[in-house]
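Comments concern the structure below.
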There are 2 protein chains.
Amino acid sequence: MAGLTKKVTSADVARAAGVSKWTVIRAFDPAAPIAEMTRTKVLAAAAQLDYRPNLLARSLATQRTHLVAILVDDFENPYKLPTLAHLTAALQREGMLGILININDSFDHFAAITDARSRQVDAIVLFGTVFRPEIVARAGSTPCFVLARESTIPGVTSVYTDPVPAMRALGEHLHGRGVRRPAFLRGPRTQSTALGRCREFVSFWAEQGVQVPVINAGVYDRESAAEAVHRWLPTVPGVPGCDALACENDILALGALDALRYRLGLRVPQDIAVVGFDDIDLAAAPSFDLTTYRQPFRDMVEALVQMLTGKRPAETLRLTGDLVLRGSS
Amino acid sequence: MAGLTKKVTSADVARAAGVSKWTVIRAFDPAAPIAEMTRTKVLAAAAQLDYRPNLLARSLATQRTHLVAILVDDFENPYKLPTLAHLTAALQREGMLGILININDSFDHFAAITDARSRQVDAIVLFGTVFRPEIVARAGSTPCFVLARESTIPGVTSVYTDPVPAMRALGEHLHGRGVRRPAFLRGPRTQSTALGRCREFVSFWAEQGVQVPVINAGVYDRESAAEAVHRWLPTVPGVPGCDALACENDILALGALDALRYRLGLRVPQDIAVVGFDDIDLAAAPSFDLTTYRQPFRDMVEALVQMLTGKRPAETLRLTGDLVLRGSS
DNA sequence: ACAGCCTATGCTACCGGTTGCACAAGGATG
DNA sequence: CATCCTTGTGCAACCGGTAGCATAGGCTGT
């Protein structure tokens, strides 16, 4: 019955309770000066009519929507699902909700940011997406944050895992295991520069006097990784042509692992070691048992949400994660 | 500069162009009667000031937000990420955006639906979540859809994969391979009833005169599945105690597969066959090579979005998927 | 020259809240 | 008993659009 009738507004409740609509509003504001008896009367009438304040109208008046745009351009990497879970949960704890925006060929950053701003979102979160400075400029006065990626743009705060200690930890681990001819497998070139993992890994080995070949998978995708490794390894002198494969993230590593074992007939870790980055759930599966570097996703999200609620100053944060040693290395 | 100044409204553009704010609005409406010269002048002024209509104000006036609430309560199952990608893309093609709402212990269906309605969303999508009739009643006049789950509630439209032909196909496949003592591994009991996979699998084998034992993993989680299988199988007479394991979804199947191979030392498929449901990306990995039943996620999403835009009558749809034969059976 | 019509523009009222001010009622104070 | 203060309530104005009516002014037809 209640569902079929027109929407209930504060004026309706006011009429039912015999007060003005402003008094109704006050009844819902714990800090407002209002007689206890009146409040009780109003709340009873509101409950009776199933009144809910219209947040659209409130947002228009207060200039705050408690809405955050979350821009994602790559739904291939499994770590994004649990991280989205953390992010939405953290936002909800703060009374906010996230609008999930899919950046793709027909809806680019430009369109997404324009749309988000028209909707008056309180903030924009670029979650693991590629971006260019001029794109962020479109955000105008809307605060812009980058999650899980380095931001080289001044004024754009980012929270991500510091690649320097991470790649050093992975490098030292491999070096300690006797690795001397490692290769690096990365995804799209543009994104890689924003991650710095390749750069740091290569730089670590340069210190050891080793030049690391870099393989391009082109996309962050298990199958593409498998193909890239399958094509590349046989072209390198030696059997196998390298003794370790460091991958930009776990999903590439899983593809690589499968290609090494099932297409190239190699034993991991005996013939070649494999390490990834992220520590996604499947990395722990005995079938893969992948050595990787765990990103502190939960902490990253918590820090980001504190920044966008203003509970913490907005400044770029580089967090460190943990080396997770498993059987693949 | 533009970012630091106050928000630009139609009145500002009107002032700049020397017209009234209503004329500004008309300039942006292709169907409005307006002199071409005026329109040009207004659009120029708008571009100059970087004016964007405030969709909040528009929504308040038109009573349409073009916002859809997407309720998710389980972020464990990897199929949800690509499906979210499809869903957001499809919504965006229709000029809508999705608010991703995380249902959990501190923010339940009740709170989520109340909040979503206060925000005046055009529709609510329950994406693979458990729900009770009284919860949906809270949606009031806001249309409610269930994606990837059966809805037993009258008036609530759902789009899901028909478990009848699906489990029959899996059952017949296993039967044809000589399986005679299969078991079924499922997740939480409450959700299972809304999926019907267990029911239909058991019923298929009943027709063959076989009673299927049902194992509870408790949660849709790889590790829980592995533990459940590891605990259960040794308690059953015979080595192994069953000759096939059908799992409610792929993520359970991957956990089961690992437990069988690495904890119980069994060979798959020689000693025991394993089949899943969903066809997630990792099911195709050579390490698992899992036989499964592919859900037509893309079609499901497309149909759902057409329903919520009104391009198609809202009625429960049971789609069929495809049996995907691989090496695990 | 004037009715009749059409086009382009302005205006009022409204969507459902918020904000700050005005003011009435009642109690404390001198 | 007048004054001051406190508390509680009503109200106008506003947030930035939309919808539909009113009307000015140009053009056509007779």
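Every chain is numbered from 1 and lettered A, B, ... according to where its sequence line falls, protein lines coming before strand lines. All values derive from a computational prediction rather than experimental measurement. Worth knowing before you read on, the calculation uses all heavy atoms, side chains too, and leaves out hydrogens, waters and symmetry mates.
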Exercise. Using five base pairs at each end, measure the axis-to-axis angle across the helix from dA1(C)-dT30(D) to dG30(C)-dC1(D) and round it to 10 degrees.
Key: 50°
Practice problem: Could I get the full list of side-chain hydrogen bond (donor to acceptor under 3.5 Å, both in side chains) partners for R39(A), not counting sequence neighbours? | Solution: none
Exercise. Tell me, please, which residues at least two apart from D122(B) pass side-chain contact (heavy atoms from CB on, under 4.5 Å).
Key: R64(B), T65(B), H66(B)
Self-check item: Residues in side-chain contact (heavy atoms from CB on, under 4.5 Å) contact with S151(A), at least two apart in sequence or another chain
Solution: F131(A), V146(A), I153(A), V156(A), S158(A)
Quiz item: Would you say Y160(B) and T316(B) make side-chain contact, with heavy atoms under 4.5 Å?
Solution: yes
Quiz item: Which residue pairs pass the side chain to side chain donor-acceptor pair (under 3.5 Å) test when at least one of the two sits in residues 126-136 of chain B, sequence neighbours left out?
Solution: H109(B)-T129(B), R132(B)-E134(B)
Quiz item: Excluding sequence neighbours, so at least two apart, what forms side-chain contact (heavy atoms from CB on, under 4.5 Å) with R138(A)?
Solution: F110(A), I113(A), T114(A), D50(B), R52(B)
Quiz item: Which residues satisfy the ring-ring contact (aromatic ring centres under 6.0 Å, His included) test with F75(B), sequence neighbours excluded?
Solution: none
Side chains of residues 20-36 of chain A: which donor-acceptor pairs under 3.5 Å do they make with residues two or more places apart or in other chains?
from: S20(A); atom 1: OG; to: T23(A); atom 2: OG1; distance (Å): 3.3
from: D29(A); atom 1: OD1; to: A31(A); atom 2: N; distance (Å): 3.0

Quiz item: Looking at DNA chain D, which of residues 28-48 of chain A put a heavy atom within less than 4.0 Å of it?
Solution: P33(A), I34(A), A35(A), T38(A)
Pairs of donor and acceptor atoms involving the side chains of residues 298-308 of chain B, under 3.5 Å and at least two apart or interchain, shall be tabulated with distances.
from: R298(B); atom 1: NH1; to: H86(B); atom 2: NE2; distance (Å): 3.3
from: E302(B); atom 1: OE1; to: R93(B); atom 2: NH2; distance (Å): 3.2
from: E302(B); atom 1: OE2; to: R93(B); atom 2: NH2; distance (Å): 2.8

Which atom pairs, one a donor and one an acceptor, fall under 3.5 Å between side chains of residues 97-105 of chain A and the rest of the protein, sequence neighbours left out?
from: N102(A); atom 1: OD1; to: N104(A); atom 2: ND2; distance (Å): 3.3
from: N102(A); atom 1: ND2; to: A85(B); atom 2: O; distance (Å): 2.9
from: N102(A); atom 1: ND2; to: T88(B); atom 2: OG1; distance (Å): 3.2
from: N104(A); atom 1: OD1; to: S106(A); atom 2: N; distance (Å): 3.1
from: N104(A); atom 1: OD1; to: S106(A); atom 2: OG; distance (Å): 3.2
from: N104(A); atom 1: OD1; to: F107(A); atom 2: N; distance (Å): 3.0

Give every pair of a protein N or O atom and an N or O atom of nucleotides 18-23 of chain C that lie under 3.5 Å apart, one pair per line with the distance.
from: dT18(C); atom 1: OP1; to: R58(A); atom 2: NE; distance (Å): 2.8
from: dT18(C); atom 1: OP1; to: R58(A); atom 2: NH2; distance (Å): 3.4
from: dT18(C); atom 1: O4; to: W22(A); atom 2: NE1; distance (Å): 3.0
from: dT19(C); atom 1: O4; to: W22(A); atom 2: NE1; distance (Å): 3.2

